[in-house]
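Quick note: numbers below take in every heavy atom, side chains included, and nothing from hydrogens, waters or symmetry partners.
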Amino acid sequence: MTDFETSQKIAKAVGHAPDWLRQDLSSKDPAVRTRAEETLVAMIAAALKK
């Protein structure tokens with residue numbers, strides 16, 4: 001897989017992130033932000049496996 005293909009897959013995964021996830025990523029609550037970051041990492045990892 002090329003860097004371009006990897007970037008495309010990551011961009012697609014981030015583009016499909018739900019609104020709650022986007023809001024939680026900017027939360028001031030560290031626990032909420034951590035949960036959102038872990039969710040985003042899982043979404044990206046899943047997209048890269050495809």
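- Judged as a salt bridge (charged side-chain N to carboxylate O under 4.0 Å, His left out), the pairs with a partner in residues 10-34 (not counting sequence neighbours) are, in order, Asp24-Arg35.
- Residues meeting the side chain to side chain contact (heavy atoms under 4.5 Å, CB included) test with Glu38, sequence neighbours left out: Thr34.
- Lys50 places no side-chain N or O within donor-acceptor distance of the main-chain N or O of Lys9, the cut-off being under 3.5 Å.
- Membership of the apolar cluster around Met43 extends to Ile10, Val14, Trp20, Leu21, Leu25, Leu40, Ile44, Leu48, as traced through chained side-chain contacts below 4.5 Å between ILVMFWY residues.
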